[in-house]
**Q** 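The structure follows.
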There are 2 protein chains.
Amino acid sequence: MYAVKAMPRPRSLTPARLADAALAVLDRDGLAGLTMRAVGAQLGTSTMGLYRYVADRDELEALVVERVLDRVDTRPPLDVPWPDGVRELAGRVRHAVGAHPAVVPLLPAHRHRSPAILRWGEAVLAVLTRAGFTGTGRVVAFRALLGYVVGAIQMEHLGALAGPGTAAIAALPRDEFPLLAETARDAGAVGPEDEFGGGLDLLLDGLARRLDT
Amino acid sequence: MYAVKAMPRPRSLTPARLADAALAVLDRDGLAGLTMRAVGAQLGTSTMGLYRYVADRDELEALVVERVLDRVDTRPPLDVPWPDGVRELAGRVRHAVGAHPAVVPLLPAHRHRSPAILRWGEAVLAVLTRAGFTGTGRVVAFRALLGYVVGAIQMEHLGALAGPGTAAIAALPRDEFPLLAETARDAGAVGPEDEFGGGLDLLLDGLARRLDT
DNA sequence: ACCTGAACACCGTTCAAGT
DNA sequence: ACCTGAACACCGTTCAAGT
């Protein structure tokens with residue numbers, strides 16, 4: 001009979017539980033409320049307990065970002081025309097982020113290291129490659145889509161034209177910003193969905209032209 | 001002879017000097033180093049002295065953002081074909097931000113309230129309007145351009161494909177992210193200038209198609 | 001009127017101590 | 001091995017006091 005190794009005390013937390021708690025705090029109290037102390041309290045453990053699972057606050061943020069993005073389905077839709085495939089993939093990210101808007105300010109800084117976003121990027125590239133993009137053309141296409149999706153989602157949630165900012169802009173001095181005021185008024189007729197989709201369609205049309213020639 | 005009002009002691013600072021000092025700190029020490037204490041030290045005044053010119057840290061950040069964006073020429077280029085006009089305006093913002101990359105993380109939060117960005121938006125709309133865009137089509141065009149410019153500039157400086165991130169991505173497990181690895185390798189042949197311009201051209205082509213029909 | 005320094009209520013994180 | 005609380009070095013900001 002072998003000597004039984006002394007059982008180490010089981011860890012009381014899991015990365016998943018930590019991520020859930022941090023996201024709950026973020027949703028409830030916003031980014032300013034997301035502190036190590038608050039997450040500790042949310043879990044009923046000491047603040048310092050978190051450091052057993054996470055090296056620092058930065059890693060906690062990465063965990064929250066991943067918790068949000070991990071939900072997006074990253075299987076490439078290859079059974080539809082490629083523009084529809086791109087629309088579908090872009091829409092999935094937009095939808096996942098829309099469920100937790102407080103995470104938006106964290107996205108730019110943590111995008112690189114997110115496995116979920118990497119999987120999503122691979123899916124976008126699968127669709128683009130199937131469509132016929134290669135080499136530097138594919139690089140530009142991919143970067144443009146990524147840039148647009150990142151920027152548009154941010155605009156939607158930290159909104160200038162859409163959302164609460166619209167009214168403020170529509171009230172701008174008409175003599176100094178006549179076109180901006182007019183455009184803000186017109187913006188009322190365009191929902192956030194159409195705004196996101198409309199801009200994406202512009203990009204997709206531009207991409208389609210590259211494929212023709 | 002009138003009684004001379006007691007001269008109030010002249011203010012020792014100006015908003016411009018404050019903005020300059022804050023930008024100098026930001027350029028030197030990065031966003032984490034931009035503190036009220038550091039800016040006070042930079043000016044040789046007390047920390048609390050700043051509060052006479054700025055309500056809080058948020059306003060200090062807005063001042064820095066404005067200091068960077070105020071340099072962009074916002075006269076609409078109406079003497080060239082409209083796509084060139086848009087390229088020119090987008091390039092000016094990109095150039096101004098490129099001179100102070102540490103300001104990038106501050107842009108999304110302070111974009112709305114920046115007079116410089118409003119003037120820039122007015123110029124973009126002038127070009128678009130001259131090109132023939134109106135109503136909701138103009139709204140979508142404007143928002144798409146804004147979203148792309150914001151997103152692409154952010155990508156360039158917090159970079160995923162371009163910059164230091166590229167090498168990391170190129171070293172990804174080839175079996176899990178084959179297309180991402182391939183694309184990152186191809187990205188070496190595309191400079192940041194071409195990447196920004198190439199994506200913008202896609203958008204402009206899409207916009208041109210809207211005008212034809 | 002303008003500026004200052006001490007003090008307060010927070011942070012993230014180090015570290016020695018508990019079980 | 002795992003968890004804790006006190007303590008440290010920072011923040012932004014309030015407030016009473018100085019000239």
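The sequence lines fix the lettering, A, B, ..., with proteins before strands; numbering per chain opens at 1.
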**Q** Round to the nearest Å and state the distance from Leu31(B) atom CG to dG12(D) atom P.
**A** 11 Å
**Q** Grab the two heavy atoms, one from Leu60(A) and one from Val54(A), that are nearest each other, plus how far apart they are.
**A** N-CG2, 3.8 Å
**Q** How many Å lie between CG on Leu34(A) and P on dG12(C), as a whole number?
**A** 8 Å
**Q** Expressed as a whole number of angstroms, how long is the span from Asp56(B):CG to dT14(D):P?
**A** 9 Å
**Q** State whether Ser12(B) places a side-chain N or O below 4.0 Å from either non-bridging phosphate oxygen (OP1 or OP2) of dC2(C).
**A** no
**Q** Between Leu13(B) (CG) and dA1(C) (C1'), how many Å, whole number?
**A** 15 Å
**Q** Describe the nucleic acid contact of Arg52(A) in one word from base, sugar-phosphate, nothing, applying a heavy-atom distance below 4.0 Å.
**A** base
**Q** Of the listed nucleotides (dT13(C), dA6(C), dC11(D)), which one gets closest to any side-chain atom of Arg57(A)?
**A** dT13(C)
**Q** From CG of Asp58(A) over to C1' of dC11(C), roughly how many Å is that when rounded to an integer?
**A** 15 Å
**Q** Considering every strand shown, what is the Watson-Crick or G-U wobble mate of dG12(D) when both distances are under 3.5 Å?
**A** dC8(C)
**Q** Would you classify Met36(A) as touching base, sugar-phosphate or nothing, given that sugar-phosphate means primed atoms plus P, OP1 and OP2, and contacts are heavy atoms under 4.0 Å?
**A** sugar-phosphate
**Q** Applying the Watson-Crick and G-U wobble criteria at under 3.5 Å, what pairs with dA1(C)? Answer none if nothing qualifies.
**A** dT19(D)
**Q** Nearest to the side chain of Thr47(B), heavy atoms from C-beta on, is which of dT13(D), dG12(C), dG5(C)?
**A** dT13(D)
**Q** To the closest 0.5 Å, what do you measure between CG (Leu128(B)) and CG (Leu207(B))?
**A** 7.0 Å
**Q** Taking atom CZ as the centre, does Arg130(A) end up with more than 12 heavy-atom neighbours from other residues, nucleotides or ligands that are less than 6.0 angstrom away?
**A** no
**Q** Think Arg119(B) forms a cation-pi with Phe177(A), using NZ or CZ under 6.0 Å from the six-ring centre and within 45 degrees of its axis?
**A** no
**Q** What is the separation between atom OH on Tyr51(A) and atom P on dG5(D), rounded to the nearest whole Å?
**A** 15 Å
**Q** Specify whether Phe133(A) and Trp82(A) have parallel, tilted or perpendicular ring planes, treating 30° as the upper limit for parallel and 60° as the lower limit for perpendicular.
**A** perpendicular
**Q** If you compare every side-chain N and O of Tyr53(B) against the phosphate oxygens of dC3(C) (OP1, OP2), does one of them come in below 4.0 Å?
**A** yes
**Q** Return the value, rounded to whole Å, for the distance between atom CG of Leu60(B) and atom C1' of dC11(D).
**A** 14 Å
**Q** Grab the CZ-C1' distance between Arg37(A) and dA9(C) for me, whole Å please.
**A** 11 Å
**Q** Reading DNA chain C from 5' onward, which residue's closest nucleotide shows up sooner: Met48(A) or Gly33(A)?
**A** Gly33(A)
